[in-house]
Amino acid sequence: MAHRGCSLALIFIIMWLLIKAKIDECRRGDVTVKPSRVILLGSTVNISCTLKPRQGCLNNSRHNKLILYKFDRRINFHHGHSLNSQVTGLPLGTTLFVCKLACINSDEIQICGAEILVGVAPEQPQNLSCIQKGEQGTVACTWDRGRDTHLYTEYTLQLSGPKNLTWQKQCKDHYCDYLDFGINLTPESPESSFTAKVTAVNSLGSSSSFPSTFTFLDIVRPLPPWDIRISFQKASVSRCTLYWRDEGLVLLNRLRYRPNNSRLWNMVNVTKAKGRHDLLDLKPFTEYEFQISSKLHLFKGSWSDWSESLRAQTPEEEPTGMLDVWYVKRHLDYSRQQISLLWKNLSVSEARGKILHYEVILQELTGGKAMIQNITGHTFWSTVIPRTGNWTVAVSAANSKGSSRPTRVNITNLCGAGLLAPRPVSAYSEGKDGIRVIWQPPRKAPSAVQEYVVEWRELHPKGDTQVPLNWLRSPPYNVSALISENVKPYICYEIHVYALSGYQGGCTSTLGNSKHEAPRSGPHVNAITEEKGSVLISWNSIPVQEQMGCLLHYRIYWKERDSNSQPQFCEIPYRVSQNSHPINSLQPRVTYVLWMTALTAAGESSPGNEREICLQGKANWMAFVAPSICIAIIMVGIFSTHYFQQKVFVLLEALRPQWCSREIPDPANSTCTKKYPIAEEKTQLPLDRLLTDWPTPEDPEPLVISEVLHQVTPVFRHPHCSNWLQRGKGIQSHQTSEKDMMPSASSPPSSRALPAERRQLVDLYKVLESRGPDSKPENPAGPWTVLPAGDLPTHHGYLPSNIDDLPAHEVPLSDSLEELEPQHISLSVFPSSSLHPLTFSYGDKLTLDQLKMGCDSLML
């Protein structure tokens with residue numbers, strides 16, 4: 001009890017505070033609004049703010065500053081006890097004005113405020129209609145209010161009936177457009193008239209609708225039919241009856257039905273159906289949706305709402321369609337082949353029921369005895385048959401009511417007839433996810449084509465035969481087909497076009513995609529193998545989901561490591577099975593950086609992984625063997641010539657070190673001289689000494705050499721002078737110019753008139769001739785050239801003067817020299833002093849201190 005008393009006291013205190021707050025809200029002054037606080041849109045209003053006595057500032061009334069606010073925005077102010085302001089252009093709805101007092105050195109004090117409501121008068125309600133749902137329902141009316149008044153508006157609905165009966169209902173809501181009288185009209189007087197009217201009222205005005213007159217049949221809407229069911233007599237789709245229940249006064253019904261996969265309704269109107277109707281055009285083994293609506297009168301009243309849907313499946317019937325059958329052949333060995341049959345499911349309208357199994361019959365037509373029968377529940381079947389004979393296959397589908405007509409296909413080599421192969425096939429993307437395939441008929445047998453079959457499957461890098469196969473058929477007059485089934489974007493498809501004619505067929509293939517982009521990644525190089533101066537690049541295929549279409553090329557890039565030059569590359573046409581390629585242009589012992597990319601019609605992929613490669617083997621032997629062989633051939637050709645052999649020999653002689661040379665011997669100590677005291681008979685020049693290069697020793701004492709004038713014929717004996725002939729192998733006989741060969745007065749007879757013994761010495765003397773200044777290119781001379789007989793010294797010289805008396809039985813020296821001629825060569829490019837004629841006199845004697853001889857020169 002005490003707790004209840006406390007609660008009542010608390011409520012009393014709260015109420016008192018609220019009342020005092022209301023009283024104290026405008027205790028300092030008042031705000032007045034004229035003409036009214038509720039005005040019509042576009043009207044002008046005057047607002048006045050007045051202070052009450054002794055409610056202004058304490059010091060002086062002149063310090064009173066009154067300020068008028070519209071919401072939080074200052075619109076006017078005045079010094080004094082009152083403020084007047086005229087306001088226009090207020091918007092629809094409620095606007096708040098507040099008056100405040102501002103004193104010096106103090107905050108603004110709220111005086112009072114006012115709310116001004118701006119609105120419009122209600123419009124005339126339109127489209128007033130009344131309805132009673134079902135025979136047992138109540139009367140309810142609806143209307144259109146028109147535009148919003150933004151003010152409090154009251155709506156009153158009035159219904160008048162026979163015998164001055166009146167019903168009235170009010171609605172005090174801003175958005176009121178519906179009222180239910182709560183009364184039920186009975187069918188006792190179905191033709192009795194009723195009148196309804198609605199009135200809207202607010203502070204700015206009022207408006208009423210036009211009266212609406214109706215009868216019971218006009219406003220009563222039957223309830224939707226219920227308890228709907230369907231019956232198929234003898235499980236036949238041709239004998240179907242639809243049942244339902246309705247209200248008693250219903251005269252007219254309408255039915256609508258459609259397959260579940262369709263948006264179009266089939267409509268049927270029936271009169272006095274009494275809750276049943278027979279449907280004759282339903283399709284077998286199809287799920288339908290059924291709905292029913294009712295009406296009390298043929299012309300008056302309105303239709304009921306649609307009933308709840310009834311869904312039912314019609315019974316099966318025997319299949320009517322034929323299967324679309326295709327096949328794939330694969331040779332197992334020389335005598336057997338595997339046949340894989342595939343077929344498409346029948347459509348619902350063709351199957352006319354659930355397909356329980358498929359019947360396959362494979363028969364050899366030549367013998368007519370071999371037959372294979374099978375029943376399968378799948379849409380594919382494989383078997384192995386001989387490669388010989390003509391085979392045909394028949395496939396049919398069966399449901400609970402029967403089987404379809406069999407589809408017959410001749411098993412043939414689909415690509416065996418080259419004359420039937422369609423001309424080059426091309427594929428282009430078309431539409432959102434379609435591929436347009438275009439081809440030309442065979443050139444030589446276009447009229448023989450019975451039909452075309454376009455086959456496609458996803459291109460698999462490993463050639464997986466388990467990838468789903470798709471196909472479509474085209475009549476022989478078509479040369480294009482649109483692939484739109486089972487096609488994914490950014491996937492490459494292998495497409496075949498077959499031209500079939502009886503037991504023959506020809507085919508052509510291509511690649512195609514519905515959409516393409518540049519590949520997302522490049523091939524991954526997994527191995528680099530060196531093979532005989534080249535490298536074999538191996539890579540992993542790009543995953544199918546990253547190829548982004550049909551690949552056209554691979555590119556292998558390489559460049560030297562740390563090089564800023566542009567990389568080299570080779571482009572490889574794309575083949576499904578290819579995963580390696582050789583490169584032959586890399587240099588040995590050079591480090592290269594290598595990577596790969598892939599290209600589609602849209603562009604090039606980003607680079608794959610980088611690999612470094614350095615050939616460790618020898619350089620490419622072909623790069624060296626070919627030039628070496630050419631150089632060897634040129635060198636052999638050069639050194640096989642007599643001229644270059646001479647040059648090389650002299651070069652080698654010039655490069656021989658000096659310690660290999662011998663001292664010039666004293667002719668007085670010659671073995672021949674000691675053995676043959678008579679100079680004319682015994683004197684013989686050791687010519688081979690002239691061909692050696694010996695160092696210059698200390699000059700010996702001068703030795704006087706007198707010319708031998710005896711006429712004794714010297715005899716050359718080989719046992720004592722064989723060294724001379726052996727060393728003479730390096731001497732080459734030379735031709736002399738015509739001037740050099742002219743005899744002088746003191747010269748001996750011509751070499752032609754000399755006997756063989758004399759010609760030997762004449763040839764020997766020729767080596768002492770020096771190349772004169774008048775030597776000509778056509779008469780080249782070596783360091784040892786012919787010296788004419790007239791130029792030889794005649795007094796106190798080395799050489800004997802009785803060359804005419806040489807015996808004829810000795811071996812001719814010229815013949816020996818000719819045989820040894822190739823070993824005597826000269827190299828004019830090396831500086832050497834030749835034996836020049838003695839053009840100045842040294843008196844009666846020529847001594848060794850004045851004459852120095854070497855293998856290169858004769859110096860005085």
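Computed from a predicted structure; not experimentally measured.
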Student: Relative to W471, does K344 satisfy both conditions: NZ or CZ under 6.0 angstrom from the six-membered ring centre, and within 45 degrees of the ring's axis?
Tutor: yes
Student: Quick check: does any side chain N or O of T153 sit under 3.5 Å from a backbone N or O of A200, one acting as donor and the other as acceptor?
Tutor: no
Student: When rounded to the nearest 0.5 angstrom, what is the spacing between CG in N64 and NE2 in H81?
Tutor: 5.0 Å
Student: Should the pair F77 and H79 be assigned to parallel (<30°), tilted (30 to 60°) or perpendicular (>60°) ring geometry?
Tutor: perpendicular
Student: Mind checking whether F97 and V31 have side chains closer than 4.5 Å, heavy atoms only?
Tutor: no
Student: Please determine, by modelled atom types, if T241 and D278 share a side-chain donor-acceptor pair under 3.5 angstrom.
Tutor: yes
Student: Is K197 atom NZ crowded by more than 12 heavy atoms from other residues, nucleotides or ligands, each under 6.0 Å away?
Tutor: no
Student: Please check: side-chain N/O of T286 versus main-chain N/O of P284, any donor-acceptor pairing under 3.5 Å?
Tutor: yes
Student: Does atom NZ (K401) have a neighbourhood of more than 12 heavy atoms from anything else shown, all under 6.0 Å?
Tutor: yes
Student: Might you point out which heavy atoms bring L157 and C141 nearest each other, and give the distance in Å?
Tutor: CD2-CB, 3.7 Å
Student: Once you measure the plane-to-plane angle for W143 and Y155, does it fall in the parallel (<30°), tilted (30-60°) or perpendicular (>60°) bin?
Tutor: tilted
Student: Verify whether one side chain among S307 and Q291 offers a donor that lies under 3.5 Å from an acceptor in the other.
Tutor: no
Student: With a 4.5 Å limit on heavy-atom distance, are the side chains of L249 and P187 in contact?
Tutor: yes
Student: Please check if atom CZ in F71 has more than 12 non-hydrogen atoms from other residues, nucleotides or ligands closer than 6.0 Å.
Tutor: yes
Student: Which atom pairs, one a donor and one an acceptor, fall under 3.5 Å between side chains of residues 111-127 and the rest of the protein, sequence neighbours left out?
Tutor:
unit_1	atom_1	unit_2	atom_2	d
E123	OE1	R147	N	3.2
Q124	NE2	S208	O	2.9
Q126	NE2	Q124	O	3.4
N127	ND2	D144	OD2	2.6

Student: Which atom names give the shortest non-hydrogen contact between V454 and A481, and what distance separates them?
Tutor: CG2-CB, 4.1 Å
Student: Do the side chain of S294 and the main chain of P225 share a donor and acceptor less than 3.5 angstrom apart?
Tutor: no
Student: Under 4.5 Å between any side-chain heavy atoms of T142 and D177, yes or no?
Tutor: no
Student: Rounded to the nearest 0.5 Å, what separation is found between the CD atom of Q132 and the CZ atom of R221?
Tutor: 12.0 Å
Student: Within a 6.0 Å radius of atom CG on D281, are there more than 12 heavy atoms belonging to other residues, nucleotides or ligands?
Tutor: yes
Student: Given side chain to side chain contact (heavy atoms under 4.5 Å, CB included), test Y493 with N470 step by step and report yes or no.
Tutor: CA-CA 11 Å; Y493 290 89; N470 305 278; 5.7 Å; no
Student: Closest heavy-atom contact between Q170 and E154?
Tutor: NE2-OE2, 3.8 Å
Student: Should R436 and S480 count as side-chain neighbours, where that means a heavy-atom distance under 4.5 Å?
Tutor: yes
Student: Would you confirm whether K295, through its side chain, and L252, through its main-chain N or O, come within 3.5 Å as a donor-acceptor pair?
Tutor: no
Student: Run W456 and V437 through side chain to side chain contact (heavy atoms under 4.5 Å, CB included) and show every step you take.
Tutor: CA-CA 11 Å; W456 70 96; V437 183; over 6 Å; no
Student: Looking only at non-hydrogen atoms, find the nearest pair between F214 and L159 and report the distance.
Tutor: CZ-CD1, 3.8 Å
Student: Taking the side chain as everything from C-beta on, heavy atoms only, tell me whether V33 gets closer than 4.5 Å to I39.
Tutor: no
Student: Using only atom types and a distance under 3.5 Å, with no angle test, would you say the side chain of E191 pairs donor to acceptor with the backbone of T215?
Tutor: no
Student: Check whether more than 12 heavy atoms from other residues, nucleotides or ligands sit under 6.0 Å from atom NZ of K283, and answer yes or no.
Tutor: no
Student: Spell out, as yes or no, whether a donor-acceptor pair under 3.5 Å connects the side chain of E308 to the backbone of L310.
Tutor: no
Student: Is it true that a side-chain atom of N399 and a backbone atom of E317 form a donor plus acceptor pair closer than 3.5 Å?
Tutor: yes
Student: If you count every heavy atom of other residues, nucleotides or ligands that lies below 6.0 Å from D107 atom CG, does the total exceed 12?
Tutor: no
Student: Within the structure provided, determine whether L242 and I292 are in side-chain contact (heavy-atom separation under 4.5 Å).
Tutor: yes
Student: List the steps, then state whether side chain to side chain contact (heavy atoms under 4.5 Å, CB included) holds for R254 with W306.
Tutor: CA-CA 9 Å; R254 59 181 179 179; W306 288 105; 3.6 Å; yes
Student: Going by an N to O cut-off under 4.0 Å, is there a salt bridge joining R258 and E289?
Tutor: yes
Student: Hey, what do you get for CG (N266) to OH (Y257), rounding to the nearest 0.5 Å?
Tutor: 4.5 Å
Student: Measure the shortest side-chain to side-chain distance between V139 and W167 over non-hydrogen atoms and say whether it is less than 4.5 angstrom.
Tutor: no
Student: How close do R276 and Y243 get, heavy atom to heavy atom, and via which atoms?
Tutor: CB-CD2, 3.8 Å
Student: May I ask you to decide if L223's main-chain N or O and E247's side chain share a donor-acceptor pair within less than 3.5 Å?
Tutor: yes
Student: Using modelled atom types only, decide if a donor and an acceptor are shared between the side chain of S293 and the backbone of S304 within a distance under 3.5 Å.
Tutor: yes
Student: Measure the spacing between CZ of R239 and CG of L282 and express it to the nearest 0.5 Å.
Tutor: 14.5 Å
Student: Do other residues, nucleotides or ligands put more than 12 heavy atoms under 6.0 Å from the CZ atom of R473?
Tutor: yes
Student: Give, for atom NZ of K52 and atom SG of C26, the distance between the pair rounded to the nearest 0.5 Å.
Tutor: 7.0 Å
Student: Does any part of the side chain of Y69, heavy atoms only, come nearer than 4.5 Å to the side chain of E108, both counted from C-beta?
Tutor: yes
Student: Would you check if the side chain of S484 reaches a backbone N or O of G434 as a donor-acceptor pair within less than 3.5 Å?
Tutor: no
Student: Measuring from atom NZ of K172 to atom OH of Y152, what distance do you get when rounded to the nearest 0.5 angstrom?
Tutor: 4.5 Å
Student: Looking only at heavy atoms, what is the nearest atom pair of L179 and K169, with distance?
Tutor: CD1-O, 3.5 Å
Student: What's the verdict on side chain to side chain contact (heavy atoms under 4.5 Å, CB included) for Y358 and T379, showing C-alpha distance, side-chain angles and the deciding distance?
Tutor: CA-CA 8 Å; Y358 297 93; T379 57; 4.1 Å; yes
